[in-house]
Amino acid sequence: MADVEKENLKNIEEKQKSRPGTGSQGKVSKPPSAGSGPASRPHSRTSPAPSRKSVSRNGSARSSAKGRPGSKISNMSGDVSDQSDNEDTRSKTTMEEGDGEGSDGYDTDLEIEDKRIEYDSTGRTTYKEACKAIGVVPVSYFLRHMQDSELVMMHHGLGPLGAKAIATSLVTNTTILKLNLRDNWLEAQGGKYIAEMLVENCYIHDLDLSYNKIGNEGAEPIAEMLQDNSTLDRVLLSGNGFGDKAAEAFAEAIMSNQKMEEMDLSHNEFGEVSGELLGPAIAENSQMKVLDLSWNHLRRRGALAVSDGIRDNITITHLDLSWNGFGDDGAQSIGEALKSNKTLEVLDMSNNRISTEGAVLLAKGLIENDTLRVLKMGKNPMQSAGCYGILKGISQNPNSNIQELDFSDILVNDDFDELLKQVKEMLPALLTKTGGAASDFKKAKPRADPMTKLKQYVEKNNLRLVDLFNQFDKDKSMSVTREEFAQGIEATGIDLSPDELHRLLDTLDKDGDGEIEYGELVFGAQAHQEQERKMAKVVQALQQTDD
């Protein structure tokens, strides 16, 4: 019996222990009050308040150096950011797992903060990722100077792919204001990458892409970018093989762009058609101040069109047209432009095949122009008489503002020096540069023109050319050898030295076959007559200028 009672008592105690709300001593604990949560440990001063929750953000908005949304350049490097995206995914998964632990009742005194990446204004990170994706070696010089306001990377041999990597990083670069990629073999594709970058970048205002073999194909995207660009004020594109096709694109850019103040298109292949395209665009532009079209092939109608554009332009102050072959017609057109243009201050017409006649025609514009300060006419076959004509035009303009005249490689005579003294009384600050005074050199004996002596003999003896030729042509074949012609000249008694006779034979025997035909004699006489007519016209123009 006693054993049964002990067993029953033991069962009762075990049941009491297993009931909820009883302590380890079998005592019933007080139930929690309504609305209260589970018991928690006391809070310290640094612990979050009971109502404060620990929030975990699922990933952070990356502020990396990727391009702007929708940018052409942002997709240049292909899968450059795949690795970074995978890291974000792993980070997101880890943080979500942490949130699960916190929701199970774990508490912490530390707030979970997202790790924010600072905005890379230089594009350094993007450049490294782009180089890796494209497969090019990063240029250490570029990495070292990405924070400079002026980046000069001439002669680095970047090529199209190197330009692609750099363009990718420059989309978001905010520190570089002047970009010089001169002589890097960018070619057409590299030029395209740079153009697409400049559509996005609104900080670069000075660009040099000279000598990069961009060609007509690469010119089109660059010109399209320039049409809408409102940041670039200086663009240098010298030596890129641009031709007539590129001129069409650049003409649209020059006409549309209202920001660019300086443009260099020198050392290209613009020809006559290019001049006809660029001329009207120059006339319409109302912002450009400096234009360089030197070392091209702007001749004939192209030269005239460019001159007409300068006549109507109202902003250009510095113009370089040297080494183009404008000729006398182009010089005359420039003279007409100078009569109307009121802004041009510096004009370079060096080495443009301008003769004495062309110089005198250009000088007529100087009689009325009062803004031009510098005129360069060196290396033109205008001789001292052409220089004299230019100076004479200036002397007749009381409002002339000329401060510098460049007649490099042209010898001047005493008449020029005398007139220069008079002009300097009117313009004391005038600087002149010439090829030297003719008196500084040993005066050579003037060479007589053998064709003139031949003509004088024919006129004196009332002969026709055919009569003279028949005296030499014994077999009546209308053709004689050089020796027969020389013997005939000696028989007539025309006073020709051996040197003069040799020059006469060379002049008449144009094809060099050793025979002088009657037609060649006639052609030589006509050419000589035309030369005399031109010289008479020049003398007449100089006399009119003196009057």
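Atoms considered below: every heavy atom in the structure, side chains included; atoms not considered: hydrogens, waters and symmetry mates. This one's a predicted model, so the numbers in the text were calculated from it and none came from an experiment.
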How far apart are the C-alpha atoms of S274 and D244, what are their side-chain angles, what is the distance that settles it, and do they pass the side chain to side chain donor-acceptor pair (under 3.5 Å) test?
CA-CA 5 Å; S274 299; D244 293 339; 2.4 Å; yes
Any salt bridge between E345 and R373, counting N to O under 4.0 Å?
yes
Can you list the steps and then say if S238 with S266 is a side chain to side chain donor-acceptor pair (under 3.5 Å)?
CA-CA 5 Å; S238 176; S266 64; 3.0 Å; yes
Going by heavy atoms in the side chains, are L207 and L198 under 4.5 Å from each other?
yes
Could you walk me through whether L293 and L298 pass the side chain to side chain contact (heavy atoms under 4.5 Å, CB included) check?
CA-CA 9 Å; L293 290 173; L298 302 175; 4.1 Å; yes
Which distance, rounded to the nearest 0.5 Å, do you find between the CG of L321 and the OG of S350?
10.5 Å
Under 3.5 Å, side chain of T356 to main-chain N/O of M382, donor-acceptor pair present?
yes
Sub-3.5 Å donor-acceptor pair from the side chain of N369 to the main-chain atoms of L338, do we have one?
yes
L277 and A251: which non-hydrogen atoms are nearest, and at how many Å?
O-CB, 3.6 Å
Output yes when E272 and R299 qualify as a salt bridge under the 4.0 Å nitrogen-oxygen rule, no when they do not.
no
Considering only heavy atoms from C-beta outward, does the side chain of Q287 approach that of N285 to under 4.5 Å?
yes
Answer yes or no: is there a side-chain heavy-atom contact under 4.5 Å between D208 and L179?
no
Taking the side chain as C-beta and beyond, is there a heavy-atom pair between L236 and L209 under 4.5 Å?
no
From N257 atom CG to E261 atom CD, the distance as rounded to the nearest 0.5 Å
10.0 Å
Taking all heavy atoms of L375 and all of L372, pick out the closest pair and write down the distance.
CB-CD2, 4.1 Å
Minimum side-chain heavy-atom gap M263-M288 below 4.5 Å
yes
Are the side chains of I354 and M349 in touch, meaning some heavy atoms are under 4.5 Å apart?
yes
Side-chain heavy atoms of K376 within contact of S322, under 4.5 Å
no
Does the pair K433/E404 count as a salt bridge with the N-to-O cut at 4.0 Å?
no
Heavy-atom pair of closest approach, residues R301 and E276:
NE-OE2, 3.2 Å
Measure the spacing between CD of E248 and CG of L278 and express it to the nearest 0.5 Å.
10.5 Å
For N380 against R353, the heavy-atom pair lying closest together
OD1-N, 3.1 Å
Quick check: are there more than 12 heavy atoms from other residues, nucleotides or ligands sitting under 6.0 Å from CD of Q227?
yes
Is it true that a side-chain atom of N313 and a backbone atom of I282 form a donor plus acceptor pair closer than 3.5 Å?
yes
Distance check, rounded to the nearest 0.5 Å: K164 atom NZ versus Y193 atom OH?
4.0 Å
If you count the non-hydrogen atoms of other residues, nucleotides and ligands that lie under 6.0 Å from NZ in K213, is the total more than 12?
no
For atom CD of Q258, is the number of surrounding heavy atoms from other residues, nucleotides or ligands below 6.0 Å larger than 12?
yes
Look only at the side chain of S169 and the backbone of I166, and say whether a donor-acceptor pair between them is shorter than 3.5 Å.
yes
K132 and E129 ion-paired at < 4.0 Å
no
Is a side-chain N or O of N240 found less than 3.5 angstrom from the main chain of H267, in a donor-acceptor match?
no
Would the distance check show the side chain of D292 and the main-chain N or O of L265 forming a donor-acceptor pair, the cut-off being under 3.5 Å?
no
Report the C-alpha separation of N184 and H156 in whole Å, then their side-chain angles, then the decisive distance to 0.1 Å, and conclude whether the side chain to side chain donor-acceptor pair (under 3.5 Å) test is met.
CA-CA 6 Å; N184 272 289; H156 276 73; 4.8 Å; no
Examine distances only and state if a side-chain atom of D312 and a backbone atom of G309 form a donor-acceptor pair shorter than 3.5 Å.
no
Quick one about T315 and S286 (side-chain donor to acceptor, distance below 3.5 Å, no hydrogens or angles considered), yes or no?
no
Checking salt bridge (Lys or Arg N to Asp or Glu O under 4.0 Å) for the pair K245/E220: CA distance, chi angles, key distance, verdict?
CA-CA 9 Å; K245 186 177 180 181; E220 293 187 9; 3.7 Å; yes
M153 side chain near Y141 side chain, heavy-atom distance below 4.5 Å
yes
Spatial distance of atom SG (C202) from atom NE2 (H205) [nearest 0.5 Å]
12.5 Å
Nearest 0.5 Å, what's the CE-NZ distance between M197 and K192?
15.0 Å
Which atom of I194 lies closest to which atom of A167, heavy atoms considered:
CD1-CB, 4.3 Å
Return yes if some donor-acceptor pair links the side-chain N/O of N212 with the main-chain N/O of I214 below 3.5 Å, else return no.
no
Between W295 and W323, what is the ring plane arrangement, given parallel below 30°, perpendicular above 60°, and tilted in between?
parallel
Quick one: does any side-chain atom of N268 pair with a main-chain N or O of F270 as donor and acceptor, under 3.5 Å?
no
